[in-house]
2 protein chains.
Amino acid sequence: MSDRGVLHLEEEILGDDYIDNISVDNLIFSMHEGKLKVLLAKYTQGYASNQWGLIGHWARLDENLNDAAARIVKQTSGVENLFLDQLGAFGQVNRYPERRIITVAFYSLVIYDDAKLVGGKNTNELAWFDVFEVPNLIFDHNVILSSCLEHLKYKVRHEPIGFNLLPEKFTLLQLQEIYEAILQKPLDKPNFRRKILKMNLLIDCKERQKNVAHRAASLYRFDLDVYHKLREFGFSFEY
Amino acid sequence: MSDRGVLHLEEEILGDDYIDNISVDNLIFSMHEGKLKVLLAKYTQGYASNQWGLIGHWARLDENLNDAAARIVKQTSGVENLFLDQLGAFGQVNRYPERRIITVAFYSLVIYDDAKLVGGKNTNELAWFDVFEVPNLIFDHNVILSSCLEHLKYKVRHEPIGFNLLPEKFTLLQLQEIYEAILQKPLDKPNFRRKILKMNLLIDCKERQKNVAHRAASLYRFDLDVYHKLREFGFSFEY
DNA sequence: ATATGTTATTGTCACATTAACAATAAGAGA
DNA sequence: TCTCTTATTGTTAATGTGACAATAACATAT
C-alpha cells in the first residue's frame, strides 16, 4: 500500500474501496485579517514527505467526486454545508512520479473562525498560508493553485461568491477586502458600497460595530433569496 | 476487451497503453447556417449500441489529457490547431453502467467547412446536431452538453471565443450570429457592430461579400495580436 | 432604366453606469 | 474639546447601453 501512500490523510482505511489512480485535491480558502488564505498540509510519507501540499485524498469507488471533496474538507476542517465547486481535472503525464495519477481539484470557501483543523495520519501539520506566499508545493500543486486563483478572479465578478467567506454579520469593508484580495487591486470605498447595495443582496442588521477606534460601521447580512438567485443567474461586477 | 467497449472509436488498438477507467469526451462545436452545432456519433457496440453520444475515447497512459482530446478531435474531424479547452471532470457513481468510469470533458470549436468527418470502428455515423435539438444521449452526455452550453454562455462574454468558428474572412453578421446562438437571444445589429469594432479586434479586409441579393457587407478578419491579448486578459461583453 | 426587397451602415438620444474625488458624520481616545 | 480614523453621502465628467430612425448599396423583378 505504500506506493499509494502520499496523498491520503487516512491511509489506514485505504483498500479496494478506493480508486487508486484518481485523487481529489482541495483548495480550501478563507479570509483572515484582510488576506486570502489557503489551507495546506505538510505530508510525512512517500514522495511528498516533508513538503507542503493541497489537502488531497483518494476518491471512493462508491462516492461521487463532489462528495469525496466535501468529505475531505469536513475531515480536515470540520466545516460542512460549504461552498464547493470543481476547478477541473489535472492530468499531465508527469505530474506524479512513477505512476499515472489524475487529480480532480475542488475549491471551497470557509469561514476562518469556523475551521477546526484536524490532520490525518499522513500529515503532521496543517496551516493557513497567504495565497501569494506559498512555498514550493508537491507535484503540480502550485500550478493548480495559480489556476484556481485565476478562476476565482473570474468567478467573483459574476457570482456573489464572497459571502461564503464571512460570518453572518459583517461590514461592507470586510466584504470589500475579499474582492480586493481576490482581484488583487484596491477598490474605491464609496463606489463599492453603492454597487453592492444596489444589488439588494444585503440586509441592514440595524446594528453597528463595537469597540472600534473610529466611527462604527453598519453590520449587514445577506438576503438568502437574492443570494441564490444571483448565484443562479449571475451578475456583472466589473472593476 | 468488450467490457471496455463502448467509448472508443478505435477499439482494435486498445491495450495496456490506455487508462481503462478514465475517458475523454469531446464536445465539438461549429456554426452552420446561423445555428450552433455539436458533433455526435452513433455507437454500434456495448452499452451505447445504437445510441448517439459525444465523441469519446480513452486517454493513453503516456498522453496528457489535453493531447488525448486533441488527438480524438483530429481523428474524428481532421481538424488540427484548434481551440480546445477543458470543461471539467464528470464522475457521478452511476454515470456509466457496471464499472466506475470518470470522464474528462473537453470542448472545441471548429470551422464547419474544415471538418472532414471520419467514423471509428465503434461508430457507424457521425453527424452535426443543432445543440438545442439533440436526442437522448448515452450515459450522462446530455448533462455534459447542457453544462457546456452554460459554460459557453459564460465564456463568450469574456473572451473572443467566437472567432474560432469562422473562416478567415467573415462579415459582422456571421459573428453576431455566433453570439446570438450561444447567448440564445437576438442582438441589436448597429450596437453589436459598434461594440465589436471598438475593441480593435477586427481588421477591415477592404473587401465585400459577393453574390448576395442585397447590399454587400464588408469582410473582416481578426487581429491576432489583439485577439490573443483579449483572450489572456479578458473583456466584458454584457448583453 | 426604374422600382422593390433586403441587408449594411451611420446617426441620434435618453438613460444608466463608472471612476475619481470632495465633503461630512460618527465614534474612541488624548 | 481636539484629533485621528473610518463610515457614509454627495458631486460630476466621462463613458457605455439600448432602442430605434434614417440612409446606403446591392441584386433582381418589372
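We name chains A, B, ... by the order of the sequence lines, and we start the count at 1 in each one.
- When the C1' atom of dT8(D) is taken as reference, atom CG of Leu219(A) falls 15 Å away, rounded to whole Å.
- When side chains are defined from C-beta on, Tyr107(B) counts as touching Lys155(B), because their heavy atoms get closer than 4.5 Å.
- Within 4.0 Å (heavy atoms only), Thr171(B) reaches no atom of the nucleic acid at all.
- Side chains of Val38(B) and Ile28(B) form no contact here, defined as non-hydrogen atoms less than 4.5 Å apart.
- Closest to the side chain of Lys198(A), from the set dA8(C), dG10(D), dT17(C), is dT17(C).
- Between Lys189(B) and dA8(C) there is a side-chain polar atom (N or O) within less than 4.0 angstrom of OP1 or OP2.
- Whole-Å rounding puts the Leu202(A) CG to dT8(D) P distance at 12 Å.
- You'll find the side chain of Thr103(B) reaches within 4.5 Å of the side chain of Arg95(B), heavy atoms only.
- Taking the side chain of Asn191(B) as heavy atoms from C-beta on, and the options dG18(D), dA20(C), dT9(C), the nearest nucleotide is dG18(D).
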Every protein N/O within reach of nucleotides 25-28 of chain C N/O, cut-off under 3.5 Å:
{"unit_1": "dA25(C)", "atom_1": "N3", "unit_2": "Arg215(A)", "atom_2": "NH1", "d": "3.0"}
{"unit_1": "dA26(C)", "atom_1": "O4'", "unit_2": "Arg215(A)", "atom_2": "NE", "d": "3.3"}
{"unit_1": "dG27(C)", "atom_1": "N2", "unit_2": "Ala213(A)", "atom_2": "O", "d": "3.4"}

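- Going from atom OH of Tyr179(A) over to atom P of dA19(C) covers 15 Å, rounded to whole Å.
- Atom CZ of Phe192(B) is separated from atom P of dG16(D) by 17 Å (rounded to the nearest Å).
- Contact check, Arg193(A) against dA7(D): no side-chain N or O comes under 4.0 Å of OP1 or OP2.
- Across the protein-nucleic acid pair, Arg194(B) atom CZ and dA8(C) atom P stand 15 Å apart, rounded to whole Å.
- The aromatic rings of Phe129(A) and Trp52(A) sit perpendicular, their planes meeting at an angle over 60°, well past the 30° parallel limit.
- Residues Lys42(A) and Thr123(A) have side chains not in contact (no heavy-atom distance under 4.5 Å, counting atoms from C-beta outward).
- The separation between Asp204(A) atom CG and dA7(D) atom P is 15 Å, rounded to whole Å.
- Here the C1' atom of nucleotide dT9(C) and the CG atom of Leu172(B) are 10 Å apart, to the nearest Å.
- In this entry the distance linking CG of Asp188(B) with P of dG11(C) reads 16 Å, nearest Å.
- Close to dT17(D), at under 4.0 Å from its OP1 or OP2, lies a side-chain N or O of Lys195(B).
- For the pair Ile55(A) and Gln75(A), the minimum side-chain heavy-atom distance is 4.5 Å or more.
- Under the 4.5 Å side-chain criterion, counting only non-hydrogen atoms from C-beta, Ile196(A) is not in contact with Gln176(A).
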